[in-house]
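To start, the structure itself, in structure tokens.
Atoms within a ligand are numbered from 1 in the order they appear, just like the ligands themselves.
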Amino acid sequence: MSTKHLDKFFAAKSLALIGASNRPSSVGSTIMKNLLDAGFQGKIFPVNPKGELIHGVQSFTSVAALPEAPDLAVLAIPPAAVPSTIEQLGQKGNHAAIVISAGLNAIDANTGINYQQQTLEFAHKYDMRVVGPNCLGLLVPRIGLNASFSACSAINGKVAFISQSGALAVSVLDWAKTNDIGFSHLISIGDACDLRFPDIIEYLADDPETNAIFMYIESIHDREEFMRSALKVSKKKPLFAIKSGRVAEGAAAAASHTGALAGGDDVYDAAFERAGVQRLEDLEDMYAAVQFLAYLQKVGDENLTILTNGGGPGVLAVDALIKSGGHLTKLSDDTKAKLDTVLPATWSHANPVDIIGDAPGDRYAEALKILYKAPEVKDILVMYVPTGITSGLEVAEKILSAEAEEKSNRIFGCWVGGDIVKSGLELWREAKLPCFYSSEKGVQAFMTVVKSQELLRARNTQDVKKPEVLPVKKDEARKIIQNVLNSGRSILTEMEAKEVFSLYNIPVALTKIAKDGDDAKRIASELKAPFVVKIYSKDIVHKSDAGGVVVGVKTPDDVKAVTDEMLTRIGKNFPNAKLDGVVVQEMIVKKNPHEVIVGLTTDPIFGPALMVGTGGTAVEIIKDSQIALPPLNKAQALSALSKTKIYDLLKGYRDRPQAKIDDIVQTIIQVAQLVIDLEEVVELDANPLLVDEHNAIAVDARIVVKTQEQGKQRLAIVNQ
Ligand code: ADP
Ligand code: MG
């Protein structure tokens, strides 16, 4: 990871377009035209084998023929020609190239290596950085750079957009142009063979012209680098992500509850949250946020005052505000009294300040002036709903001239509707203030900015403590796992898993193995009644599914009877399963137990991920779970737990006391340490943890192991 040579892209002073062309509709011609139209301030060297004039600019026949090494080279040539061109550029002294060309994953028949690999090898050899291949290109409006084949250009703005999809980048550009919104940078990274999100966001984090960074992410290439960079950058600027593919990946074939429950998308959520990246639901949300941030970079807090001429849209705005965690500012009596002096008696006397459908611009402006001065009022949403009586344009004029005097930078507008309100809305944009057609969108955008400020603050004030881990016996646990792997198994028995839990200081119910009914009776007589009898077989993973769990067994004689019956029945129903007997357990009797699951899964992108939620045998149906990436300290583990539904129950309700939440948190921390220490552990369930006001005890344990490649970095977060 490095930002070396990125200036050559983003502050290029000269550039060469390799594959420049006059042929209409070709990529080489479109880029050339875009370069010229955008008014690039540096030198442009078209390279074309014929050496003709390209769009009126003298071209050069080859890279070697260029008079100097250009800061930036843009390649729009067939894939087979890319590696040798990169080599020539390297020899010339160039350090930055954008490879627009697609198809570099084809194998070169001469070398047997694909073109992308060859390109990278030359790039490394000559210390070059590469954007692409298979990308739309790069726009930096501030320096008049449009090195892309986009159908439209961009104006200069204060937010950067990095897109893994070129097609999406063009749509965003088109939207931005239509709405007069600018970007500081628009970068299409395509297949991202070299330059990826981490390098780029670290560069942009230090760019004074960029106030916020938006990413469209299809997948993360390197979890560790992504997390490290995002953790760093989110302390400096708001980072937003739209991540496509919300459908869970890889969850189908899991042996544990956690594996089945924790899909890829939830892990992305957890990773983004941990790194301080705000996830946006869709493109619409991004547009709204970009639009807001294009004009207003700062807001007060989540308290909003709404000034409106009434109607349903006002209520919708309030709904949207509350739903996204905001609040209506409570107006003081003093403010209300002042508003009384300028408003008709029928005004709402509360926030939203509804100044009635016939409100002309002057009434808005009078009310606004009072709200500006009210100490409790921070940001103000001014809404106009079209009526036949007043004009949206006139209202906008009055509002905006009041704002021009006050220069509060605390107002944004929603001119609700379409054609009728258009001229008013455009006036807001001319005044460089956000205005939306929909009150929900406007309020959502406001709340997105509020949250981004909160995140930024949190990232800078969080004191990230080391995990408060209780002592563990790593080597002994490792031995158990090695034995399992050596015997060709991947799933530990309940007994083995419980031993590992105990070695990791996770409390478990006392459990003993019995080979038959008599044995079980003998064991039970040494334990405390009542008992639980469970089938013991390496071939039966989910015991209750097979009718292999009987709880509440009262006496050792009953234990014998239950065991005999269970072994006979399951032997008949599962003739292929090898039954090793049963386990006899002391039953954990709690008056009002909560069943909680603490688990672990291995995500293909982010590696080991912890899960906590509602446990028991119906976990997959209830689906109440939250993910957190290791390492985890108390605050982080509690933060995950507190987002589950069961947390509200654990806090106590009606006559039920608060459960021992600390013990659950400690279990999460211990499991996180377990997976940090024991790389072979790929899935794990402590399900259920029986929890009440006194303690949390794991009555069932499941661990799935897999031999790991040596030296592979498994964790997404190495330093936080
Ligand atoms: P499996 O998950 O393989 O079906 P469990 O061991 O989790 O089997 O048992 C199923 C259910 O039985 C648990 O969710 C819990 O409600 C109950 N149970 C199991 N062991 C005990 C125990 N020792 N004390 C109290 N309840 C238990
Ligand atoms: Mg279980």
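- Under a 4.0 angstrom heavy-atom cut-off, V541 registers as being in contact with ligand 1.
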N/O donor-acceptor pairs under 3.5 Å from side chains in residues 496-503, not counting sequence neighbours:
residue	atom	partner	partner atom	Å
E496	OE1	R489	NH1	3.0
E496	OE1	T493	N	2.8
E496	OE1	T493	OG1	3.2
E496	OE2	R489	NH2	2.8
K498	NZ	E494	OE2	2.7
K498	NZ	T511	OG1	2.9
K498	NZ	Q585	OE1	3.4
K498	NZ	V699	O	2.9
S502	OG	K498	O	3.1

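- Interatomic distance, D624 CG to M611 CE, rounded to the nearest 0.5 Å: 9.0 Å.
- Where the criterion is an N or O separation shorter than 3.5 Å, residue side chain and backbone included, I588 meets it with respect to ligand 1.
- Distance from atom 2 (O) of ligand 1 to its nearest protein heavy atom, with residue and atom name: D700 OD2, 3.0 Å.
- Among the atoms of E494, none of the N or O lies under 3.5 angstrom from an N or O of ligand 1.
- With salt bridges taken as basic N to acidic carboxylate O contacts below 4.0 Å, none links D191 and R196.
- Looking only at protein heavy atoms, the nearest one to atom 16 (O) of ligand 1 is E595 OE2, 2.4 Å.
- Within the protein, the N, O or S atoms sitting under 2.8 Å from the Mg ion (ligand 2) are N687 O, D700 OD2.
- Evaluation of the ring-ring contact (aromatic ring centres under 6.0 Å, His included) rule for F531 yields no partner, not counting sequence neighbours.
- At least one heavy atom of E586 sits under 4.0 Å from some atom of ligand 1.
- Ranking protein heavy atoms by distance to atom 17 (C) of ligand 1, first place goes to V551 CG1, 3.9 Å.
- Scanning all protein heavy atoms for the shortest distance to atom 26 (N) of ligand 1 gives L690 CD1, 3.7 Å.
- Summary of contacts: the protein heavy atom closest to atom 3 (O) of ligand 1 is K543 N, 2.8 Å.
- Using a 4.0 Å cut-off between a side-chain N of Lys or Arg and a carboxylate O of Asp or Glu, R223 and D603 do not qualify as a salt bridge.
- Counting heavy atoms under 4.0 Å from ligand 1, residue H542 touches it through the backbone alone.
- Less than 6.0 angstrom separates the ring centroid of F214 from the ring centroid of F240.
- Partners of F226 by ring-ring contact (aromatic ring centres under 6.0 Å, His included), not counting sequence neighbours: none found.
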